[in-house]
Amino acid sequence: MSENKLLVLSLILGTILTIGSSAQPGGPEAEDLQRIAEAIVGQLDLAHQEAVFGALAPNIGALKHHAQRVINVIEGKNGPAYRAGAGDVGDGVGVLGHLQQLREKIRSTPLAPIFMLGLDAVLFDINAALEQSKQALTSGALHRARFALRLSRALVYSARGSASDPVGEGGARAILTRLNAGR
């Protein structure tokens, strides 16, 4: 192989490697994305815990109390269905608030094509979980309220996902794992 061809190949390879490494934001921007993703996973853990407690509640009053707390964690203090009287075990921003922050920040990075589908899946599941929790609140029968809250729990669990899931198939843990891995 001639020296010129070797030089051209080296330049092309260097360009490809540079482009590939610039797809991940670094420094404070990457840390900010990770921090928000960690907050989402933490809030989903709390919402899941409240849904489990509610589904196991011995009476309709206790179940509705936990259902409202699920809503509070999902919506945050600015949510239309937020009720301070039930208490907020979350951070006040809520899953939806953190998801919006992450979507806005990631949209302007080279990561957008990789992560937007996963974020949309998390958003879909958490909105469905919110609706099921609201149904649990309005149900007059314990068995119907329990069924709705169990559906909510399953949807929160799906939104939380697994660290080993592909990012595009949803799951906040998969998104966090991928951000922490730097790709």
Side-chain angles (χ1 to χ4, degrees), residues 16-55 67 69-82 88-136 148-183:
I16 291 170
L17 291 174
T18 302
I19 290 169
S21 66
S22 67
Q24 171 69 26
E29 186 175 322
E31 291 171 9
D32 198 28
L33 294 173
Q34 291 167 341
R35 180 191 54 75
I36 297 168
E38 287 169 358
I40 293 169
V41 170
Q43 295 304 290
L44 288 169
D45 285 343
L46 292 171
H48 184 263
Q49 176 182 318
E50 287 298 323
V52 168
F53 291 157
R69 288 170 68 127
V70 171
I71 292 167
N72 288 356
V73 172
I74 291 172
E75 286 192 344
K77 291 180 180 178
N78 294 324
Y82 180 90
D88 189 351
V89 295
D91 63 6
V93 175
V95 175
L96 292 173
H98 288 298
L99 278 170
Q100 183 62 32
Q101 288 173 0
L102 189 58
R103 287 175 61 83
E104 287 173 13
K105 288 190 179 282
I106 240 170
R107 184 175 284 130
S108 63
T109 72
L111 298 173
I114 299 168
F115 287 90
M116 292 309 275
L117 186 60
L119 287 169
D120 287 345
V122 173
L123 187 60
F124 179 86
D125 285 345
I126 207 61
N127 278 324
L130 180 60
E131 288 307 311
Q132 289 301 317
S133 294
K134 288 177 182 178
Q135 284 186 16
L149 203 52
R150 284 181 177 155
L151 284 175
S152 178
R153 185 212 57 82
L155 289 159
V156 169
Y157 187 81
S158 177
R160 191 174 60 171
S162 169
S164 62
D165 287 344
V167 171
E169 291 182 15
R173 286 180 177 166
I175 291 168
L176 177 59
T177 298
R178 189 90 182 255
L179 286 171
N180 286 340
R183 45 188 179 81

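Quantities reported herein were computed from a predicted structural model and do not represent experimental measurements.
Proximity of a side-chain donor or acceptor of Ser158 to a complementary backbone N or O of Ala154 within less than 3.5 Å is not detected.
Contact of the Val156 side chain with the Asp125 side chain is not registered, since no non-hydrogen atoms from C-beta on lie closer than 4.5 Å. Under the 4.5 Å side-chain criterion, counting only non-hydrogen atoms from C-beta, Arg178 is in contact with Phe115. The shortest side-chain heavy-atom distance between Asn127 and Leu96 falls under the 4.5 Å cut-off. Side-chain atoms of Leu111 and Leu33, non-hydrogen and from C-beta on, do get closer than 4.5 Å to each other. When side chains are defined from C-beta on, Leu149 counts as touching Ser152, because their heavy atoms get closer than 4.5 Å. Side-chain atoms of Gln49 and Val89, non-hydrogen and from C-beta on, never get closer than 4.5 Å to each other. Annotation: side chain of Arg173 is not in contact with side chain of Asp165 (no heavy-atom distance under 4.5 Å). Looking at Asp120 and Arg103, their side chains come closer than 4.5 Å, going by heavy atoms from C-beta outward.
Distance CD1/Ile175 to CD1/Ile114: 11.5 Å, rounded to 0.5 Å. Expressed to the nearest 0.5 Å, how far CD1 of Ile74 lies from CG of Leu99 amounts to 10.5 Å. The structure places CG of Leu176 at 5.5 Å from CD of Glu38, a figure rounded to the nearest 0.5 Å. Note that CD of Glu29 and CD1 of Ile106 are 9.0 Å apart. Values are rounded to the nearest 0.5 Å. With rounding to the nearest 0.5 angstrom, the CG atom of Asp88 is 9.5 Å from the CD atom of Glu50.
In plain terms, the two heavy atoms of Ala81 and Asn72 that are nearest each other are O-OD1, 4.2 Å.
Atom OH of Tyr157 is surrounded by 12 or fewer heavy atoms from other residues, nucleotides or ligands within 6.0 Å.
Under a 4.0 Å N-O distance rule, the pair Lys105/Asp32 qualifies as a salt bridge. Taking 4.0 Å as the cut-off between side-chain N and carboxylate O, Arg107 and Glu104 do not count as a salt-bridged pair.
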Let me have the donor-acceptor pairs involving side chains of residues 39-48, under 3.5 Å, with sequence neighbours excluded, atom names and distances please.
| unit_1 | atom_1 | unit_2 | atom_2 | d |
| --- | --- | --- | --- | --- |
| Gln43 | OE1 | Asp91 | N | 3.1 |
| Asp45 | OD1 | Arg160 | NH1 | 2.9 |
| His48 | NE2 | Arg153 | NH1 | 3.2 |

